[in-house]
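This report refers to the structure that appears directly beneath it.
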Amino acid sequence: MATNYITTISKKYPSFRDEPLKTVYRWLDGKRQDDGAEGLWRIHDTLYDFTDFIERHPGGPEWLRLTKGTDITEAFETHHVTVRAEGLLGKYKVREATTPRAVQLTFRDDGFYRTLKRRVRDKLKDIDYGPAQRSKLIIDSMLAAAFGLAFLAIRLHSYALATVSGLFVCWTMISAHNFFHQRDNWRMLAFNLAFSSYREWRISHALSHHNFPNSILDLEISYFEPFLCWLPNPSIKSSVKRIASWLYGPLVYSFLFYGEFVKRVIETYETGKNTFFLDDLVTLILPTFMYVVGATSLWEVIKMWLFIVLVASFLFGLIGLNAAHHHPKAVHDGDQIPADIDFAVYQMAAVIDRSDTKGSQFMVLTSFGDHCLHHLFPTLDHGILPQLYPVFFETCREFETVYRELPWLQQIIGQHKQLARVETMTYKPSEKFN
């Protein structure tokens with residue numbers, strides 16, 4: 001039987017996607033307009049009112065507060081591995097939705113994702129949770145190292161030591177990404193070390209990118225346009241830009257964190273709605289520490305701190321944008337994918353894992369490793385994901401879906417090829433990767 005194909009998982013072009021200033025709150029506004037949730041919370045084709053449950057939500061109230069008026073199907077499925085949450089839904093049901101879902105991803109009971117989730121649920125009863133504790137030790141150690149090196153750098157006036165401190169700030173923030181996917185905890189605040197906001201990344205990364213990677217719904221794609229254009233769309237990629245982006249890409253990495261701050265300032269000014277919160281002051285802890293212990297002028301502290309942020313930003317972009325998604329063999333919006341594609345199969349289509357981080361919890365935690373399993377089960381600590389590979393591979397074989405991985409150098413080369421790619425390709429789940 002012939003396979004029917006589609007070129008996007010979105011049934012409609014997202015509202016506000018092409019506005020010059022792309023922000024997480026505008027993305028949520030677009031979702032509220034497009035999702036058919038009617039001011040409530042939509043899961044599959046049913047509407048729920050979780051108003052009375054917000055403050056009691058085990059993961060933290062903000063997840064529900066932010067998503068009111070949107071379709072949270074993908075987030076609900078991936079953030080609740082056990083059946084407990086499903087058992088509570090009946091209490092908050094209002095009515096059936098009146099419009100079809102705006103996203104063409106499926107969660108059939110006999111499909112890949114639901115089958116894998118049942119197996120993972122059983123596996124979690126027997127796994128060793130010790131590595132989850134090691135994840136905490138790793139991020140705590142890196143945070144201490146970042147501060148210790150910053151102390152030495154300011155005392156010795158050494159920009160070489162400041163560079164290494166920037167590396168540890170970067171590693172700490174990447175590791176904090178492991179924790180902001182989980183229920184509220186203090187380690188997620190480490191993501192705010194250098195102008196970034198775990199609050200905003202819970203939207204742009206956890207709710208947007210994770211659920212709809214490499215699609216027109218993915219904020220981590222649209223944020224970088226028109227400078228870095230990964231979608232194979234010749235209308236937004238001039239011949240010059242396709243190659244020039246290879247040269248100015250590192251500059252984009254370097255000012256990534258500064259850009260986040262500037263964007264929030266502009267949004268606050270233009271909308272009159274404050275986008276800053278008390279925990280954003282975490283950004284000032286490192287420079288304050290440097291000033292207190294540095295025995296030097298405030299200006300010297302500011303210069304060195306901004307340099308540390310610059311280094312951390314560059315390395316964060318280098319690692320993050322070459323981690324798993326942007327390769328000519330990874331599906332991007334515009335490429336052909338099977339119609340009614342299962343959620344897990346789509347995630348595997350948009351992910352090519354790094355093979356050279358496997359076996360090292362430190363490498364996985366600091367380089368967005370075990371990326372595919374993390375997309376499928378984001379609330380599970382990175383430390384325990386390797387124990388899920390046996391049931392994952394079993395499910396891949398059963399559904400004839402190929403899991404793909406490449407070393408980092410090939411990911412970097414592939415990312416630049418993807419920036420230049422305008423030809424579309426057809427993804428076949430069972431096709432061998434080479």
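Everything numeric in this text was worked out from a predicted model, so none of it was measured.
In summary, the side chains of Ser135 and Gln361 do present a donor paired with an acceptor at a separation below 3.5 Å, with no hydrogens or angles considered. His326 and His416 are not linked by any side-chain donor-acceptor pair at a separation below 3.5 angstrom, with hydrogens and angles left out of the test. No side-chain N or O of His382 forms a donor-acceptor pair with one of His177 less than 3.5 Å apart. Side-chain contact check for Glu267 and Thr23: at least one donor-acceptor pair (N or O, by modelled atom type) lies under 3.5 Å. Side-chain atoms of Asp381 and Asn178 include a donor-acceptor pair closer than 3.5 Å. When only modelled atom types and interatomic distance are considered, Trp201 and Glu220 share no side-chain donor-acceptor pair under 3.5 Å.
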Enumerate donor-acceptor pairs with a distance under 3.5 Å from any side-chain N or O in residues 81-93 to protein atoms, sequence neighbours excluded.
| residue | atom | partner | partner atom | Å |
| --- | --- | --- | --- | --- |
| Tyr92 | OH | Arg56 | NH2 | 3.1 |
| Lys93 | NZ | Glu96 | OE2 | 3.2 |

Please set out all donor-acceptor pairs under 3.5 angstrom arising from side-chain atoms of residues 124-132, sequence neighbours excluded.
| residue | atom | partner | partner atom | Å |
| --- | --- | --- | --- | --- |
| Asp128 | OD1 | Gly130 | N | 2.8 |
| Tyr129 | OH | Leu124 | O | 3.0 |

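Put simply, the side chain of Arg421 gets close to the backbone of Glu423: a donor and an acceptor are under 3.5 Å apart. No donor-acceptor distance shorter than 3.5 angstrom exists from the side chain of Asn4 to the backbone of Ala339, with no hydrogens or angles considered. Checking side-chain atoms of Asn322 against main-chain N and O of Leu318 turns up a donor-acceptor pair under 3.5 Å. In this structure, the side chain of Gln104 engages the main chain of Thr8 through a donor-acceptor pair within 3.5 Å. Looking only at distances, no side-chain donor or acceptor of Ser254 sits under 3.5 Å from a matching main-chain atom of Leu310.
Arg354 forms no cation-pi arrangement with Phe368, by the criterion of a distance under 6.0 Å to the ring centre and an angle within 45° of the ring axis. Cation-pi check for Arg26 over Phe16 is met; the charged atom lies under 6.0 angstrom from the ring centroid and within 45 degrees of its normal.
Applying the side chain to side chain contact (heavy atoms under 4.5 Å, CB included) criterion to Pro100, with sequence neighbours excluded, gives Lys11. With sequence neighbours excluded, the residues satisfying side chain to side chain contact (heavy atoms under 4.5 Å, CB included) with Thr268 are Asn274, Thr275, Phe276.
No more than 12 heavy-atom neighbours from other residues, nucleotides or ligands sit within 6.0 angstrom of CZ on Arg183. Annotation: Lys428, atom NZ; neighbour count of heavy atoms from other residues, nucleotides and ligands within 6.0 Å does not exceed 12. Surrounding OH of Tyr5 are more than 12 heavy atoms belonging to other residues, nucleotides or ligands, all under 6.0 Å away. Heavy-atom contacts from other residues, nucleotides or ligands closer than 6.0 Å to CD of Glu19 number more than 12.
Using cut-offs of 30° and 60° for the angle between ring planes, the His371 and His375 rings count as tilted. Taking the six-membered ring for Trp and thresholds of 30 and 60 degrees, Tyr258 and Phe195 have ring planes inclined between 30 and 60 degrees apart. By the 30° and 60° cut-offs, the orientation of the rings of His181 relative to His210 is tilted. Ring-plane geometry between Phe112 and Phe399 is classed as tilted, the angle between the planes lying from 30 to 60 degrees on a 0 to 90 degree scale. Aromatic ring pairs are classed by plane angle as parallel below 30°, tilted from 30° to 60° and perpendicular above 60°; the pair Tyr113 and Phe343 is perpendicular.
One finds a salt bridge joining Glu200 and Arg264 here, because a Lys/Arg side-chain nitrogen approaches an Asp/Glu carboxylate oxygen to under 4.0 Å. Comment: Asp184 engages Arg202 in a salt bridge, judged by a side-chain N to carboxylate O separation of less than 4.0 angstrom. Salt bridge Arg17/Glu225: present, at least one basic N to carboxylate O contact under 4.0 Å.
For residues 70-80, the set of pairs meeting the side chain to side chain donor-acceptor pair (under 3.5 Å) definition, not counting sequence neighbours, comprises His44-Glu77, Asp71-Thr73, Asp71-Arg101, Thr73-Arg101, Glu74-Arg101, Glu77-Arg114, Glu77-Lys117. Listed by first then second residue, pairs satisfying side chain to side chain donor-acceptor pair (under 3.5 Å) with a partner in residues 385-397 read Arg119-Thr395, Asp370-Tyr389, not counting sequence neighbours.
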inquiry  = Does Arg199 form a salt bridge (charged side-chain N to carboxylate O under 4.0 Å, His left out) with Asp280? I'd like the steps, not just the answer.
reply    = CA-CA 9 Å; Arg199 294 172 184 272; Asp280 287 308; 5.6 Å; no
task = Go through Asp34 and Tyr13 one step at a time and tell me if the side chain to side chain donor-acceptor pair (under 3.5 Å) criterion holds.
result = CA-CA 9 Å; Asp34 299 339; Tyr13 196 79; over 6 Å; no
